[in-house]
Amino acid sequence: MQFHNVGGTYLKLHFCSPQFYHWNVIKLWQLCALGPCGHLIVVGKAVWSVHLTGFRTLWIPQSVLTGCVKAKLLEGWLDQHWRVEHNSVILFYVLQLSKKYGSVFTVHFGPTKVQALVNHAEEFGDRGMLPVLYDFTNGHGILFGNGDSWKEMRRFALANLRLWDGQERERITFKKSLGFRIEFLILIFLIGKAFDTTQPLSYAVANVISNIVYGSRFEYSDSKFRATVDRVLYYLYNMFPWLGPWLKSRKLLLKNIENNKKEMEELVRGLKETLNPQMCRGFVDSFLVRKPSHVSSSMPLLMEGGFHSKSHDTWPHSLELYYDRVLEEISSVIGSRQPLAEDRKNLPYTDAVIHETQRLANVLPIAIPHTTSRDITFQGYFIKKGTLVFPLLTSVLQDGSEWESPHTFNPAHFLDEEGRFTKRDAFMPFSAGRRVCLGEGLARMALFLFFTSLLQRFHFSPPPGVTEDDLDLTPAVGFTLDPSPHLLCAVSRV
Ligand code: HEM
């Protein structure tokens, strides 16, 4: 994939001078720099506002922020504001800067030196490690690993996922699991009450992934399972390293991670005791048979796949209001039978709507951090080995020179003049290069089956008394970009 043909934006972030390291309060202004409402809050004699001119500056006397007061202020303020604003602010903020400063620019951001850009798969292909991600993984696994062990794990995982893509495994495991999750949603929706889209979808997606990872699904009434998923959701809303040790939520985050690890270990113990090497039930079994010492690395897939897919699954319903044409297509091609993966090629408009939803929803706007594997000069900028790099996927997914209407929902982006589905190079919600999403094939298939099955059965609308215009779909904060929590009603079509 050649990023430079697509013309994305490359973000380079510098952190400020180390003399401020010893101030606890430094993290406050690190945050505030990109904090609520785009205001820059400068504490004490911070000198790094050079590149942030143009933003309003609010001075907080340093004397106000000492000892406990400092900690309390910080905690309360962060809890109230940061979690709500963080992601969208970073995103819109850097996009604004990119308009002003061009495709490579510098932001002073805190006490570590950080630069972010995308290109050159090899040089920018290592995974960058943020403290909070380290808390979660200790640097192991596919998502956050590097070097030979990452290479080996990725190859192994891909081979296994391909296995499931193969006929037998797909028919048995994948379709069955999707059936379950759809069954669950049907139950929820049939209750007829307005529901918040996030939670049932998260449980359902997590069940699909656990079917693949563990070879079995959970009952939705299982309180342990629900607690695990809730904890994963909690991670996502708290994955901000610079919140650091001041936040009480970090303590909870670590406790949640510990609890989830324990439960996963328990599950793996059970699988070990009942292992039959001739009959792999899921991903963990493959590890137990062929790579027993790496088995813990398979576990974060539950979180990884779950949260990405969940974010997408919550979006299409919000856009369902536009989907009459999709329904016509589904009903003329599939009728009332269960949709199958191979139906996709006969549903070009539906496929275009799903792609356009992914493009505009842009659920991982700054992907997952990379790091440079060696010194490199890129677009005239020297970047040192070990520099943190944030691929800004939004800059490609909503690039005005690539898309006819970059900020508007427009399925025609993926259709040719005859109404046939057409691929676009700038469509890269799964990123690109050597760290491209491992679950892309699986996620694409799940999105298609899930989306068509739900639309086939339900009409979605805002709750009584709420108009479509009242629905607030402003992206909410998190590691992923989800729509703000909102209620919908599902009315059965059959
Ligand atoms: C709609 C759903 C999904 C989206 C949009 C998505 C997107 C992404 C993105 C943007 C990355 C970062 C790539 C980079 O570092 O440049 C990624 C990495 C990854 N994804 Fe996904 N993902 C989805 C679903 C899944 C699923 C279902 C799985 C698991 C079965 C999965 C497994 C992974 C793994 C293991 C990585 C790390 C790859 C590596 O570092 O080598 N993803 N994904």
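In each ligand, atom 1 is the first atom listed, and ligand 1 is the first ligand listed. Source: prediction; values computed, not measured.
- Residue contacts with ligand 1 for Glu440 are absent, since no atom lies close enough (heavy atoms, distance under 4.0 Å).
- Among Arg434, Arg374, Lys151, the one residue that satisfies the salt bridge (charged side-chain N to carboxylate O under 4.0 Å, His left out) test with Asp126 is Arg434.
- Judged as a side chain to side chain donor-acceptor pair (under 3.5 Å), and not counting sequence neighbours, Thr408 has no contacts.
- For ligand 1 and Ala443, the ligand atoms under 4.0 Å from any heavy atom of the residue are 1 (C), 2 (C), 24 (C).
- Residue Cys437 holds the heavy atom nearest to atom 21 (Fe) of ligand 1 of all those in Cys437, Pro429, Ser431.
- Salt bridge Arg359/Glu356: present, at least one basic N to carboxylate O contact under 4.0 Å.
- Taking the centre and axis of the six-membered ring of Trp150, the NZ or CZ atom of Arg435 falls inside the cone set by 45° and 6.0 Å.
- Counting heavy atoms closer than 4.0 Å to ligand 1, residue Arg444 contributes nothing at all.
- Atom numbering of ligand 1 starts at 1 in the shown order; those under 4.0 Å from a heavy atom of Arg154 are 38 (C), 39 (C), 41 (O).
- Distances between N or O atoms of Arg435 and those of ligand 1 include at least one value under 3.5 Å.
- Remark: Phe448 engages no residue in a ring-ring contact (aromatic ring centres under 6.0 Å, His included) (not counting sequence neighbours).
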